[in-house]
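First comes the structure, then the notes that go with it.
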Amino acid sequence: MPTPLEEYLFDLHGYLHLEGAVGSAHLAELNALLDTYLDLEPDQWRGWVYRHPGRGQTHHLHNLFEIGEPFERLIDHPSWLAHLNRFVGGDDGLFIDESFADIRSAGAATRIHSGAHKRRIRTQFRYHDGQFRCGQINILLALDDIGPGDGPTMVIPGSHKSNLLHPVFAEGAESLDEVPAAVELPLKAGDAACFVDCMAHGSARRTNPGQRRVLIIRYGPHWGNDRYGFQPSPELIARLTPARRKIVQPLPPKVPPS
Ligand SMILES: O=C(O)CCC(=O)C(=O)O
């Protein structure tokens, strides 16, 4: 379970920094497997893994768990599972509605987006009667060290409860560099940021040479749907442990007997 201090900080800021969430041996497995997918072209599939077409030089590789067992271990990873159960809340469990790797090089940034002023249901922050009921909690796992100049994630703490539009939205800011109230969230390899999606966030522009590698896994309530309509492969469903299968496919398709 999150500690009382973690719950307080998550409620106050909208995010937590989970230090050392994934160990170095596991990280090495994830990085090595990911390397074997970097030759995918935009809009290309390999098996059930798909590279998104629309992110320029940035690799967005979707359906992480199809890549192999080291990725499957992330589904119910003990460093964050209890946090997600607590922050998504409810008794029926979780669902992952998107999982992807974001691998980028110099020049790339993620523009500022989200913010509670939108009152989006899917990504909402909610706390009522002692229970969190958040619509989407993200785990952003650093696969390498991400410090100043590496394009760290940036957040506007507290904006998961904001009522007003941040003025920079109107100006169409491309990254969060120099956005008032935005702070960088530097991560060491193996650290994870755990944040509610309605907090305004994005990333600084990467100015250093080399790559920034993160995995992003979005969790919500068990009744959710995949963001893009991706479906798990029958092979993945067959080989997952029951606990993992329940998070990837909480409601198996119900069809009449053939
Ligand atoms: O890439 C980042 O650092 C920010 C991730 C992000 O914007 C998101 O998860 O929606």
Side-chain angles (χ1 to χ4, degrees), residues 10 13-18 21 30 34 51-52 54-64 74 80 83-84 87-88 96-118 120-125 134-157 159-160 162 166 168-169 172-179 181-208 210-220 224 226-228 230:
F10 179 76
H13 292 148
Y15 73 95
L16 291 176
H17 180 170
L18 306 178
L30 296 168
L34 216 46
R51 179 171 170 191
H52 197 286
R55 303 281 190 272
Q57 285 312 302
T58 298
H59 278 69
H60 268 189
L61 296 172
H62 285 263
N63 305 332
L64 289 181
L74 302 174
W80 55 70
H83 291 74
L84 291 157
F87 296 149
V88 171
I96 291 174
D97 77 6
E98 190 178 5
S99 67
F100 64 104
D102 175 307
I103 302 169
R104 61 175 67 165
S105 40
T110 305
R111 63 178 176 75
I112 184 173
H113 57 285
S114 290
H117 61 280
K118 295 188 174 175
R120 270 208 193 116
I121 293 173
R122 187 178 182 109
T123 59
Q124 69 183 308
F125 174 86
C134 297
Q136 190 174 81
I137 304 287
N138 301 323
I139 291 293
L140 184 147
L141 174 67
L143 294 186
D144 45 19
D145 290 344
I146 305 172
D150 294 330
T153 300
M154 294 190 72
V155 302
I156 302 187
S159 55
H160 60 305
S162 66
H166 194 304
V168 296
F169 274 94
E174 281 300 311
S175 78
L176 275 93
D177 297 295
E178 293 167 24
V179 167
V183 297
E184 290 193 353
L185 195 50
L187 299 171
K188 292 277 180 212
D191 288 2
C194 169
F195 60 98
V196 62
D197 196 79
C198 69
M199 176 187 60
H201 63 281
S203 84
R205 190 167 302 285
R206 186 176 176 95
T207 51
N208 294 338
Q211 280 182 344
R212 186 198 84 152
R213 287 186 169 203
V214 303
L215 304 182
I216 297 176
I217 307 176
R218 306 193 197 280
Y219 294 78
D226 187 280
R227 178 175 181 186
Y228 295 108
F230 292 124

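One-based numbering, in listed order, for ligands and for the atoms of each.
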Test side chain to side chain contact (heavy atoms under 4.5 Å, CB included) applied to Asp102 - qualifying residues, sequence neighbours left out: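 In terms of side chain to side chain contact (heavy atoms under 4.5 Å, CB included), with neighbours along the sequence ignored, Asp102 is linked to Thr58, His60, Phe100, Arg104, Arg212, Val214.
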His160 and Gly14: which non-hydrogen atoms are nearest, and at how many Å?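 Taking every non-hydrogen atom into account, CE1-N, 3.3 Å.
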For Pro186 and His17, work out which heavy atoms get closest and say how close. O-CE1, 3.5 Å
Close residues, ligand 1: non-hydrogen atom nearer than 4.0 Å: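 Within 4.0 Å of ligand 1, the protein residues are Arg104, Thr110, His113, Leu140, Thr153, Phe195, His201, Gly202, Ser203, Arg212, Ile216, Arg218.
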For a quick test of your reading: what N or O donor-acceptor pairs under 3.5 Å do the side chains of residues 139-147 make, sequence neighbours left out?
residue : atom : partner : partner atom : Å
Asp144  : OD1  : Arg213  : N            : 3.3
Asp145  : OD1  : Ala189  : N            : 2.7

State which residues pass ring-ring contact (aromatic ring centres under 6.0 Å, His included) with His166; sequence neighbours excluded, sorted by chain then number.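 So His166 forms no ring-ring contact (aromatic ring centres under 6.0 Å, His included) with any residue.
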Using the six-membered ring wherever Trp is involved, compare the ring planes of His62 and Phe230 and label them parallel, tilted or perpendicular (cut-offs 30° and 60°). tilted
